[in-house]
Amino acid sequence: MGDPAGIGPEIAASAFANKTLTDICKPLLIGNSFAMKEAIRISSLKLELNRIAEVSQARFELGIVDMLEIDANRDEVNQIRFGKISPQA
């Protein structure tokens, strides 16, 4: 996913909305679901976020973002703003 405040989440959202991705691989995103939810909202894409704790829970379907959540301090995550440089990101 890259920097949660950068363009990485939006690029990931666009990729998960593209059928070619699920045709050629079983995509799994590792990152922060708060940032990904924002990217999906900003991109106006019809995607469902599937937060998983282990790979066996992934659905690997078009329109589903299977995301392995990385642990993060919730207060720091809430301070992240898209397009803004921050130490939390």
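Taking hydrophobic clusters as Ile, Leu, Val, Met, Phe, Trp and Tyr residues chained together by side-chain heavy-atom distances below 4.5 Å, Val65 shares a cluster with Leu21. Under a hydrophobic-cluster definition in which Ile, Leu, Val, Met, Phe, Trp and Tyr are linked whenever side-chain heavy atoms come within less than 4.5 Å, directly or via other members, Phe60 and Leu68 are assigned to the same cluster. Met36 and Leu45 fall within the same hydrophobic cluster, where Ile, Leu, Val, Met, Phe, Trp and Tyr residues are linked whenever their side-chain heavy atoms come under 4.5 Å apart, directly or through other members.
Of the inter-residue distances, the one linking Glu48 atom CD with Ile64 atom CD1 reads 3.5 Å to the nearest 0.5 angstrom. Rounding to the nearest 0.5 Å places CE of Met67 at 6.5 Å from OG of Ser33. Considering CD1 of Ile30 and CD1 of Ile52, their distance stands at 8.5 Å, rounded to 0.5 Å. Put simply, CD1 on Ile40 and CG on Leu49 are 5.0 Å apart, with the number rounded to the nearest 0.5 Å. In this structure, CG on Leu28 lies 13.5 Å from CZ on Arg59, to the nearest 0.5 angstrom. To the nearest 0.5 angstrom, Glu10 atom CD is 9.5 Å from Glu38 atom CD.
The two residues Gln57 and Ala53 have their closest heavy-atom pair at OE1-N, 2.6 Å.
Residues passing the side chain to side chain donor-acceptor pair (under 3.5 Å) test with Ser44: none are found, sequence neighbours excluded.
Within the 4.5 Å cutoff, no side-chain heavy atoms of Asp66 are placed close to those of Leu29. For the pair Phe16/Ile11, no side-chain contact is recorded, criterion being any heavy-atom separation below 4.5 Å from C-beta on.
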